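What follows is a single structure, written as structure tokens, with notes after it.
What's counted below: heavy atoms across the whole structure, side chains too, no hydrogens, waters or symmetry copies. In the text below, chain A, chain B and the rest are named by the order of the sequence lines, each starting its count at 1. Quantities reported herein were computed from a predicted structural model and do not represent experimental measurements.
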Amino acid sequence: MKEYVHSEVEKKWQDIWDREEAFCVSDDHSKPKYYALVEFPYPSGQGLHVGHPRPYTAMDIVARKRRMQGYNVLFPMGWDAFGLPTENYAIKEHIHPKIVTENNVSHFKEQLHALGYSFDWNREVNTTDPSYYKWTQWIFLKLFEHGLAYKAEVPINWCTGCKVSLANEEVVDGVCERCGSPVVRRVKSQWMLKITEYADKLLEGLDTVDYIEKIKTQQRNWIGRSTGAEVDFGIAGTEDILRVFTTRCDTLFGATYMVVAPEHPLIEKYADRIGNMDEIRAYRDEANKKSDFERAELSADKEKTGVRIEGLTAVNPVNNTEIPIYVSDYVLMSYGTGAIMAVPAHDTRDWAFAKKFGLPIIEVVSGSDKDVNEECYPDVSEGIMVNSGFIDGLNVKEAQKKMIGFLEKEGKGREKVNFKLRDWIFSRQRYWGEPIPIVHCEKCGYVAVPYDELPLMLPEVESYEPTDTGESPLSKMESFVNCKCPKCGGPGKRETDTMPQWAGSSWYFLRYCDPHNDDALASEEALKYWMPVDWYNGGMEHTTLHLLYSRFWHRFLYDIGAVTCPEPYLKRTSHGLILGSNNEKMSKSRGNVVNPDDIVRDYGADTLRLYEMFIGAFDMAASWSDEGVKGCRRFLDRVWRLQDILVDGDSYSQDMETRIHQTIKKVSGDFDTLKYNTGIAALMSLLNDFTKKGSINKAELSLFLVLLNPVAPHITEEMWELIGNEGRVYRQTWPSWDEEKTVEDTVEIMVQVNGKNRKTISVARDIDKDSAIAAGREAVAEWVDGHDTVKEIFVPGRLVNIVVK
RNA sequence: GCUGGCGUGGCGGAAUUGGCAGACGCGCGGGACUCAAAAUCCCGUGAUGGCGACAUCGUGUGGGUUCGACCCCCACCGCCAGCACCA
């Protein structure tokens, strides 16, 4: 027998697949389509990581199996290539990011190719390609046109050392990831996308798709819809109001003071009436010095701080009581209205604050067995209202209803829905991203670059270093910045910020449908045929960013008629991380990184694919084991040696038939439900049976190769050819099983006495209850004779249980 | 703190969703082949007791439901992930 040399076999078949264009797909509308998608990688300088092949192999198995089942399968790959690491590397090494990207992409591509994936490389996309980002810019302009892109002053992370704004990911433990200087919050004018306008649609859409539950929950929590009421408190001696959002308007009679965020505009507005303005400004400045990290870090059980606003009091609209107003950083400007009504009796934060500042605490929901002055009573979803005037005696729900009625009648409040979701900060003061196609004109304001001028090319610059002021490197390029206003023809200045990395990845799945189209992001015909994506797998870390952003863009494109379905992904799953052999996350500093190239070289791509699918449940983290890899290679060696015991035969031998049908069923089911580990285990078991038997016929081996092919495509093609079969495994039809043949004629059932196993007997599969029990009684006579029978239980195919006294 | 998930041999993990716990793989022990080793093949492998057939115990802890519980219910402990002063 020929020796199994994985390097030769794998190279041979990869070349053949290339030559045959084996996995290039055409828009053949006569066949049912299947769109399998994996998240495209960021082509980093480090190359492929052993974490990448886990989802890629999983979806490659799905794609290969669906092809064998007669589907026209789109399984594409591309590059999410804009981004910071490339830019930083370019700065350090003085190489243009475009060149860095090209090198990285070609390295990645080689590595993916060596793993034998069935990607359709004719549809490769690259987000940094102008013919691609032309359409990213087009979508931005559409958003702008529909009022969903706007400029706003927002707080950003500012590195005091590099004098540059940082993405959240670049802030580590409150300091700059690169230079270690403290990071503070700073206000800057940024492009924003109004994802909040789509909050409800994004929430509702979740009910129509098949995502694993944990993803749905996380998205729902992130969107954070809560229903409550807006309540307007008067400000004594003025016409102004202080508006708050509350989910508990029933507790309004218990509101004994108010708190506003340090940045609340009301403070500056009444600066001349406020007695202690200096103190308040000092407090605000202190709060602003804190980075997000510090604010969050200290949040949990931090002592409450705050300052009373002297000279301003609020009027409670239900009883016209005047109550004090405080500033405190526990109230966030970014949620609700930036102001709250404090009900210390029933909110732990308000209670802590009230205790510290000696404010009154009034119980308004009964039910606590303690005095609310001694202990806060926050759990008040049930309970009866007390000390609450016209809603006394009502339960919480009724009280809320009546209160909203009252507020609406008085014009002092209304029902209101609030979201945690914030608008999407869309500007980056960076070079390596899509230029934002907007011109600022003194006369006309922000003006869109005309569609026929897209793509707005990213110009060549001399240096990618950010400027001292934190502006994008593009701002130093006068020839780029200065232009004519597209509207009035007067002097204009181009936007110099670029888009975040999330932009290009928010629609790439659409481009795969029609990647070379120059007139549209994809033709309607192609979109109609291919979309939505049938199965999308990706990392859990993208659930609230990429996954939500792309759903938002897609829904918007649907609303303007650019795409044909409202939700982009029918099904979403997530893979678990691959940890180092020490159970820790793989990283250079921990020294536990495994390079996939080494595994491919030493054991072969098929081994790596098999191992990563066998390592454990797909959605759970799994730690790397070199011994486990060897075990998988050993299995492939044993598969190869099946040639030694090969005999003639063009149908399954009788003694193996049941096992074979069981295995087809098991593998088919497991490959469709991400249970690759047990599917592979079933194949290992079947192999063990053939080895034990000492022979396998050609029909049986051929079947085995077809079942194993999606996981280990190279070795199976080679063996298929060696045993003299025609054609290719990847073009075979996926086998079906006969349900009748998956069950044995006789079954072993256990016989229990009082629930305890005593004997095992062999009976006909379709034995009736009485005969089964009779046979059972006979087998366990020594335990039941002489006892009274209480109950007899028969579970077909499983057991007989005789309960005696 | 909130949300979601998990807890099973020496290890990675199975268990048709209430029906023989530990499939499959790793590791380990023994044997065959070999001058020897590697590779390969065969046998064994939850714990305790027994030469043995076998018996008892055993799925984080404590209780419960049931003829029967890794699975369902109640309480608790521990770990992982995400969010976190969200009004």
Side-chain angles (χ1 to χ4, degrees), chain A residues 212-218 220-222 224-226 228 231 244-248 251 255 258-259 295-302 304 328-332 334-343 346-350 352-353 378 418-422 540-541 543-544 576-577 581 583 610-611 614-617 619-632 634-635 637-638 641 662 665-666 669 675 677-688 691-692 748-760 790-793 795-804:
Chain A
I212 52 174
E213 209 45 46
K214 134 169 114 163
I215 293 177
K216 285 193 184 184
T217 322
Q218 238 180 74
R220 286 196 187 108
N221 290 346
W222 188 261
R225 186 183 204 272
S226 61
V231 184
V244 302
F245 172 74
T246 175
T247 53
R248 296 302 306 270
T251 62
M258 303 193 73
V259 187
R295 271 193 163 186
E297 175 73 355
L298 301 170
S299 69
D301 35 29
K302 174 181 79 159
K304 295 277 177 287
S328 176
D329 64 0
Y330 87 86
V331 173
L332 310 172
S334 51
Y335 183 76
T337 60
I340 62 156
M341 63 177 211
V343 184
H346 306 293
D347 181 288
T348 49
R349 296 154 302 171
D350 296 345
F353 192 88
N418 232 324
F419 296 95
K420 280 191 213 175
L421 185 69
R422 313 285 154 76
M540 216 42 221
E541 70 275 20
T543 302
T544 51
L577 278 182
S581 47
N583 252 317
L610 180 73
Y611 173 65
F614 187 62
I615 191 168
D619 58 339
M620 300 234 258
S623 36
W624 188 267
S625 152
D626 290 327
E627 296 305 326
V629 176
K630 284 184 200 156
C632 286
R634 205 150 22 198
F635 168 68
D637 285 331
R638 296 178 65 206
R641 281 197 302 271
Q662 284 171 343
K665 182 181 176 179
K666 176 80 180 147
K675 290 168 154 177
N677 52 340
T678 50
I680 291 164
L683 287 170
M684 289 173 166
S685 275
L686 185 62
L687 175 113
N688 290 345
T691 312
K692 202 160 277 173
E748 304 263 288
I749 65 168
M750 57 186 157
V751 184
Q752 303 181 329
V753 178
N754 293 343
K756 191 177 274 284
N757 296 336
R758 289 300 178 185
K759 287 273 152 113
T760 302
V790 178
K791 203 171 180 179
E792 288 168 325
I793 292 146
V795 182
R798 302 244 183 260
L799 58 82
V800 166
N801 187 12
I802 298 161
V803 185
V804 294

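Residue contacts for A/I793: at a heavy-atom cut-off of 4.0 Å it reaches a base atom on one of the strands shown. Heavy atoms of A/R220 sit nowhere under 4.0 angstrom from any nucleic acid atom. Residue contacts shown for A/G224 are absent, as no nucleic acid heavy atom lies under 4.0 Å away. Counting any heavy atom pair closer than 4.0 Å across all strands shown, A/T217 reaches sugar-phosphate atoms only and no base atom. Residue A/E748 is classed as a base contact, given a heavy-atom separation below 4.0 Å to a base. Heavy atoms of A/A617 sit under 4.0 angstrom from primed sugar atoms or phosphate atoms, though from no base atom. Residue A/A621 is in sugar-phosphate contact alone, with no base atom involved, counting any heavy-atom pair closer than 4.0 Å across all strands shown. Residue A/N688 is in sugar-phosphate contact alone, with no base atom involved, counting any heavy-atom pair closer than 4.0 Å across all strands shown. A/K420 comes within 4.0 angstrom of a nucleotide base, judged by non-hydrogen atoms across all strands.
You'll find the side chain of A/I793 stays beyond 4.5 Å of the side chain of A/Q752, heavy atoms only. Between A/R758 and A/V751 there is no side-chain heavy-atom pair separated by less than 4.5 Å. Using a 4.5 Å heavy-atom threshold, the side chains of A/M540 and A/I215 count as touching.
Taking atom P on both B/C72 and B/A53, the two are 36 Å apart, rounded to the nearest angstrom. Distance check on atom P: B/C71 versus B/G7 gives 11 Å, rounded to whole Å. Spacing of C1' atoms, B/C33 relative to B/A69, comes out at 48 Å, to the nearest Å. Here, B/C57 and B/G25 have their P atoms 31 Å apart, quoted to the whole Å. Taking atom P on both nucleotides, B/G22 is separated from B/C70 by 12 Å, rounded to a whole Å. Separating the C1' atom of B/A14 from that of B/C26 is a span of 15 Å, rounded to the nearest Å. To the nearest whole angstrom, the two P atoms, one in B/A55 and one in B/C73, are 33 Å apart. Going from the C1' atom of B/G64 to that of B/G18 covers 16 Å, rounded to whole Å.
Side chain A/R758 to base B/C20: no donor-acceptor pair is found below 3.5 Å. Below the 3.5 angstrom threshold, one finds a donor paired with an acceptor across the side chain of A/R798 and the base of B/U16. Judged by atom type and distance alone, A/Q752 reaches the base of B/G19 through a side-chain donor-acceptor pair under 3.5 Å.
Between A/R422 and B/C83, a side-chain N or O to OP1/OP2 separation shorter than 4.0 Å is absent. Within the structure, a side-chain polar atom (N or O) of A/N757 is placed less than 4.0 Å from OP1 or OP2 of B/A21. Taking side-chain N and O atoms only, A/N677 has a distance below 4.0 Å to OP1 or OP2 of B/A14. Taking 4.0 angstrom as the limit, A/R349 places none of its side-chain polar atoms (N or O) nearer than this to OP1 or OP2 of B/G1. At the phosphate of B/C67, OP1 or OP2 sits under 4.0 Å from a side-chain N or O atom of A/K791. Taking side-chain N and O atoms only, A/R638 has a distance below 4.0 Å to OP1 or OP2 of B/C41.
In this structure, A/S623 and A/N583 approach most closely via the heavy-atom pair OG-OD1, 3.4 Å.
Base pairing of B/U61: its partner is B/A75, meeting the Watson-Crick or G-U wobble criterion (both donor-acceptor distances under 3.5 Å). Across every strand in view, B/A55 sits in a pair with B/U48 that passes the Watson-Crick or G-U test at under 3.5 angstrom. Using N1 to N3 plus N6-O4 or O6-N4 for Watson-Crick, or N1-O2 and O6-N3 for G-U wobble, each under 3.5 Å, B/A36 pairs with nothing. Across all strands shown, B/U3 is found opposite B/A81 as a Watson-Crick or G-U wobble partner, with both distances under 3.5 Å. With a 3.5 Å ceiling on both atom-pair distances, B/A14 lacks any Watson-Crick or G-U wobble partner.
Side-chain polar atoms of A/D350 and A/Y330 form a donor-acceptor pair below 3.5 angstrom.
Within a 6.0 Å sphere centred on NZ of A/K216, heavy atoms belonging to other residues, nucleotides or ligands number more than 12.
The backbone N or O of A/S625 lies less than 3.5 Å from a partner atom in the side chain of A/Y611, making a donor-acceptor pair.
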